[in-house]
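Each chain gets a letter, A, B and so on, in the order the sequences are listed, and its residues count up from 1.
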Amino acid sequence: MTIVDNIRTYLVKNPIVGVCLLYYLLMALMVPGFFSANNSWNLVYNFIPLLILAVGQTFVILTAGIDLSITSIIAVSSVVGGYLMSSDVGLVDGSKWSMLLGIGGMLSVGVIIGLINGISVAKLKMPAFMVTLTSLMFFSGFAIWITQSQNIYNLPALLVDAPYHSFLGLPLPVYLAVLVFTSCYLLLNKTLLGEWVYAVGTNIKTSWISGINIPLTLVSVYVISGVCASLASLIYTARLETGSPVMGQNVLLDVIGAVIIGGTSLFGGRGKLQWTAAGALLMTMLDNSLNLVGMSFFLIMMVKGAIILLTALYNQLGSKSLTHA
Amino acid sequence: MIKRLSPYSTVILLVLVMLLFSSLSDGFLNGRNFMNILIQVSGLAIVAAGMTLVLITAGIDLSVGSIMFLAGVVSGKIVVGGAPLWLALPIALLVGVAVGWVNGIAVVRFKIVPFIVTLATLYMGRGFGLYISETRAVNLPESFLAIGTFKLLGIPLPIVIMVLVLVVLHLVLTKTTFGRQLYAIGNDKRKSVKAGIPVNKLLIKVYLISGLCAAIGGFVAIAQLGAISPSFGNQSEFMAIAAAVLGGTSLFGGKGGIFPGTFIGALLIQTIQNGLVIINADPYLYPLITASLIFVIVLIDSREKFGSHV
Amino acid sequence: MLKLHHIGKSFGPVEVLKDITLEVKTGETLGLVGENGAGKSTMMNILGGIFAPTTGKIEFNGQAFEPVEVSESQQSGIAFIHQELNLFPNLSIKENLFISAFPKKQGFFNTIIDQKSLSSQASALLAEVGLSVSPSTLIGKLTNGQQQLVEIAKALNGRPKLIIFDEPTTALSQQETDRLLQLINSLKEKHISMIFISHNLDEVKSIADHIAVIRDGALIRMQEAEIYSKKEIIRDMVGRDLDQFFPIRSTHPTESVSLEIQDLNADGKNDLSFSIREKEVLGLYGLVGAGRSEMARGLYGMEKLYGGQVRWKGAQMHKLTPQNWIRHGVVYLTEDRREEGILAFKSIRKNVQLAALPRFIQRFGGWLDYRSIKREVSSKVKATRVKYQDLEIQPVSELSGGNQQKVLLSRWLMTNPSLLILDEPTKGIDIGAREEIYQLINQLVEQGSCVLLISSEIEELLGMCDRIMVMNQGALTAEFNRSEFDQSAILKHALKAAHD
Amino acid sequence: MSRYLLYPIWILLVVCSCSHQRERPLIGISFETLQTEYWVASVEAVKAECIKNGYDFVVAIANGDANRQFEQINNFISLGVAGIVIAPKDSHTVIPIIKAANRANIPIAVYNRVPASNLGDYVTVVADNLEISKNTVTYMCELAEKSGKKHQALIVLGDLGDINAVNRRAGFNQAVAAFPETIEVVAEVPSEWNQEKALAGVTNALQANPDISFIFTSSDFLFPAIISAMKTADKYYPIGHEKHVIFGGFDGDAMAYRLLQEKYLDADGVQDVFYECEASVQAVIKKLNGEPVESTIIDPGFVIHQDNLEQMAGKMWGASF
């Protein structure tokens, strides 16, 4: 098996990676400014939060569920983080300790909302999309109500400058993204919970008979998605230097697009984190290149919607033989 | 805990809410305010009626919000561009039917999960609408506003249109073959095929009707507003689902109705909103109250479906 | 009315129907009797247009008849009353009766249902089947028997020439069965021919004109009901030589009781008590609908239990859930391989490792020791002799039925079980794979575990079990030790109608 | 693999169709939204000013999402724009944007909203919202005083997260405070710059306080909703009619001009869009040529009302829109 064969089999098994590379080359040639160093950093900064969000969402979709509440988690985390960290309104002075407390607060928001979603789906047997749609409405309303739709400012300098610090040549968010991706990858592919996630997604009855703790599995995937959402909120908040109750409004389309383009099946049980990463990269490049060309933000929204529909259609036709009953 | 959620329990809830608000402020309990509520609820009720049909077949349509927006923007642009006013409504309906058709074909023919199809069309519709209007508020001419405030035999036009649409859909659901077969499909799709029901044909029609209702509902709401802002129709799909579920329609299919169900559900939501404004409560409270009410009702709906056994 | 000429049907190598020729004259009722899996339902599926016969022709109502679709056979006048009714609980009786073609108003309102004629036609049909219930009541509110009568009324609506009843009386109470039999007699006067498939020989003898016995896909005998005695019917149903070879077990059941069950109530009516001893294969025989699966699933925690005390190896079992049972070494191989058994598009290794994963957790955080998982999977798969190309890539859905069952057995072997509850383990499996499964069962029992074998094939139980219990309509009606094994006696207890 | 080529090529076609060659230097115009006529007129004015000075431009609209606006500015920087004119979502999220522009040393002019912190190199061109709204409401109060009766007043607020909305409310309150005996503020309706909320809020406020006779809106773009509410409350009458409600607005858009001519609107605070837009583009050009530019340019704006309608119409951007 020569190197070329290995690459070819890899590309056949993971088509999205091939499409991603192809798209990058095409854009680099066609679109002026796409290949510049500045734009590449631009791509990296936009890609990181989307990757973290999409990784969390993949866990949920693998169990044939969906988490629509991530944008509200981003908003509430951003507001809670703002309250804890900001020096003028913050509960604690603007020192380093307040930052740790702030980050801890943001993560616990992700865990709490994740628990609420998870328990409603697992124990109360409510449909996943309705539970997360309701918590989306509730918590985005909550974020706006708490702050009376005012932003929170004066976040500690340490947080605000963090994205621009680099360590061994790479900016800090990159390390965060790598850390999140590898730990999730190991969790999904090397641990008991990972096997259980795939099994529950493939056939929930068989999993129950084979002694899998289904409520534990479902609750943990929603908590993972919640924590990923609050981590992404940390990045957005640092980047915009404000705790905003309407943070991350338009990100849901990109996240679901990334997971679906990647190839993860909506019926559950089938999908890989590498696919989602490639899907997220493609969505970011798509967004960036169409923007550079001057296409309006709304046409891009339409293009993304169309791509989700096309890919779902293609996956449906492609996997005719293996579709579920 | 309330085990059985009959549509009548929603009526009781509505009366309780009305009593609560009238005790909190005397501006609430009078004819003019009720007329206000009825006018303001007309758009939502029409959209929720279309949504009820989709929910009865255990499907979902998240794109109604952006259909309201797109239909409004398209017809608004045409009227502002000089076309005659009567042309606006047919154009809006055409847009609704077109998006409904796309939803139907994708869900039925290509067997894609309904909420992903309608989520995609939601963004496509919203994106296209914003592109046409370049996020500028489309200020409609006076004549448009006239429709909103026009009174037919003393009853404001929006209420007339609402009653018309709801009565027609109610009759369709209760009195026609198409309607009764929807309940069969919602109960068990495989059994319906075995019983000889043309399942695919009916499901496409259901998404067409939902698109149509979204367009009519949007038109009626715009006629009151006089202008279409870029965020028009946002979260209307959630309110429509909420109104149907509050009215006893089950998310799992096979159960639900327009009268007294969805209409009362829509009234309940609008009354809460109206009441909160009348008692000058913090407007930001509104989504919190509606969302928690919906959560409880969906919880009861799920408990009924799966019972207490794991 | 209906003639079958040399009908044969085979699925790949397995021949299910062998050269069947029989005739049902107009207004006559044919009783069709045979063990589970004898080929009755295959024959009915051919008549119903679900699949075509491999050989032979069908003549119905004088013309050649090859239905390709369900609706086609319905239009030509054949009506089916399946055991699993095709009714919608959320709709009323009259709506169910006319769901595919409502009577309509004339003129402009032709889409609106003509409620008056709907109610009148519905009441007429209900009268015909003797169901005195308002046609607007919801199906969900009716008893099983009443729902069955509605299904029959629905069939009558199509003016059928032939009605086929498939096990209609299993879920009915006694007077509901009597009312059904009276109805069938009244239908006879209307010159409607009928095929009545049932296990209750008394019922069949009371209404059928002719009785046909099917065994292993072949028509053994067809005779007038009066002269065809019950004893002869049973002998024809069962009387084949034991050509199936069953491996002999070297060990015998020990005295120590592994599982003891006291007043287990899985159907709200009957309390069952029995126990299984170490190194024992306990058989559980019964007909379709006797409640054997319901009992096993209730015991294993997959369905509601109305009561019962369970002791495992002397200790009281409080939490009856699959998770808890597996921890105590009790496993359940479900009857429905596709829905509840395999992880369809996953690899063989992922299927086999599924139930035993917690055992392979290493130090912290659920880290799995994949090396020893893979080692143990390949050893278990060798033990069960699964024929496969690749453990990691080949999806289980591509394997044959027999191999899939062996994959599932390997999954349960990995949990080192001491009690295996096997629900119809060899259903729809080729002979070769069956023998390997029997040998595997014996090896396990010889090594000290015990087996509760639920099966509808008497020879399998006779060949494999140390003791056989017979179940009928939810209750244990008989028990036979190996020494007292008698095929006809077992079948008689299984067929015994509740009242005599 | 081949079928998978289908959609990147499809996107490529769309991409090529939009890209066009450029020789002249480029100015990036980033607006938070075009939701109101005011924003549309501003964008048109900025574009016209760029063309007049021989610059090409690229426009990006963020539809109210600060995060998207930040990404769009980064795109401008990678495109290599010569200068940036930005109407930010709010005064705080503009700070990291200014930092990004400064890092790429691209001159940046902030239009219509004052950044919250003054560090960083930028030019702000903004109207004095507080003064304009105070003068407008003071004129309205004088009218109310002349009528001799006591008036119940209603103000329609903007989005309290927007610094301009907060200043306009402050201006309203300061003006009303000077006439304690003629004006009594009975209702404050938050609209969050949203038509539906304005309609519902004003309808119910008028319903709760039937004899309101003094209405001021923080932005003219809410006129359609407010007029619709006034009609249902039977309060929409021209000046001179005994049921006339003293009606005032802010921005000076085309509808305000029409209402003034039809004598329904008493007064309207006008931001001088032409002046502000020219100033912002000039500021960017001066910075490019190294000329000094003062960091903040204030547009005093003016109040237009029935008495000075003719003379001021020429300066009012809404009149010629």
Side-chain angles (χ1 to χ4, degrees), chain A residues 8 11-12 15-16 18-19 22-23 26-27 30-34 36-42 45-46 147-151 153-154 160 164 236 239-242 244-251 282 286-299 301 303 306-307 310-311 314 318, chain D residues 1-22 34 57-81 89-97 99-100 103-104 116-117 159-162 166 190 192:
Chain A
R8 193 176 325 103
L11 286 186
V12 165
I16 180 68
V19 170
L22 195 70
Y23 190 78
L26 286 177
M27 288 306 116
M30 292 293 177
V31 175
F34 183 83
S36 67
N38 186 293
N39 194 47
S40 312
W41 282 125
N42 206 356
Y45 281 120
N46 297 345
T147 61
Q148 292 292 319
S149 87
Q150 308 278 346
N151 288 347
Y153 311 116
N154 301 339
V160 162
Y164 305 105
Y236 285 130
R239 194 158 72 157
L240 285 179
E241 300 172 26
T242 51
S244 138
V246 286
M247 181 73 82
Q249 270 161 344
N250 296 331
V251 85
L282 184 59
L286 184 79
D287 202 71
N288 180 274
S289 54
L290 295 184
N291 242 311
L292 284 182
V293 153
M295 184 189 277
S296 83
F297 160 66
F298 324 107
L299 220 55
M301 186 194 278
V303 164
I307 284 184
L310 270 172
T311 327
Y314 172 75
Chain D
M1 189 57 179
S2 57
R3 272 166 308 164
Y4 238 77
L5 289 182
L6 132 81
Y7 58 84
I9 291 177
W10 178 68
I11 296 166
L12 179 64
L13 293 176
V14 170
V15 161
C16 296
S17 61
C18 295
S19 68
H20 39 72
Q21 289 324 324
R22 272 187 318 286
L34 292 181
F57 55 81
V58 59
V59 178
I61 310 298
N63 195 24
D65 182 347
N67 195 25
R68 164 119 336 255
Q69 191 165 35
F70 183 75
E71 280 169 12
Q72 282 168 342
I73 294 297
N74 281 330
N75 289 339
F76 281 168
I77 294 169
S78 6
L79 261 177
V81 294
K89 159 80 174 164
D90 60 60
S91 45
H92 284 270
T93 49
V94 74
I95 297 167
I97 289 176
K99 275 193 203 158
R103 262 204 303 283
S117 88
D159 179 346
L160 298 181
D162 167 7
V166 172
E192 286 163 48

| Set of salt bridge (charged side-chain N to carboxylate O under 4.0 Å, His left out) partners for A/R8, sequence neighbours left out | A/D5
Contact class of [X] relative to chain A, heavy atoms under 4.5 angstrom:
X	value
D/Q72	side chain
D/D162	neither
D/A60	neither

| Given the options A/T147, A/L240, A/N39, which has more heavy-atom pairs under 4.5 Å with chain D than any of the others? |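 Going by pairs under 4.5 Å, I would pick A/L240.
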| request: Only counting residues at least two apart or in another chain, list the ones meeting side chain to side chain contact (heavy atoms under 4.5 Å, CB included) with D/V166. | output: none
| query | So what's closer than 4.5 Å to chain D heavy atoms on A/N42: side chain, backbone, both or neither? | reply | side chain
| Taking atom CD1 of D/I97 and atom CZ of A/R239, what is their separation to the nearest 0.5 Å? |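 Answer for the CD1-CZ pair, D/I97 versus A/R239, is 10.5 Å.
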| query | Looking just at side-chain N and O atoms, do A/D287 and A/N46 make a donor-acceptor pair shorter than 3.5 Å? | reply | no
| request: Taking atom types as modelled, find out whether D/T93 and D/D90 have a side-chain donor-acceptor pair closer than 3.5 angstrom. | output: yes
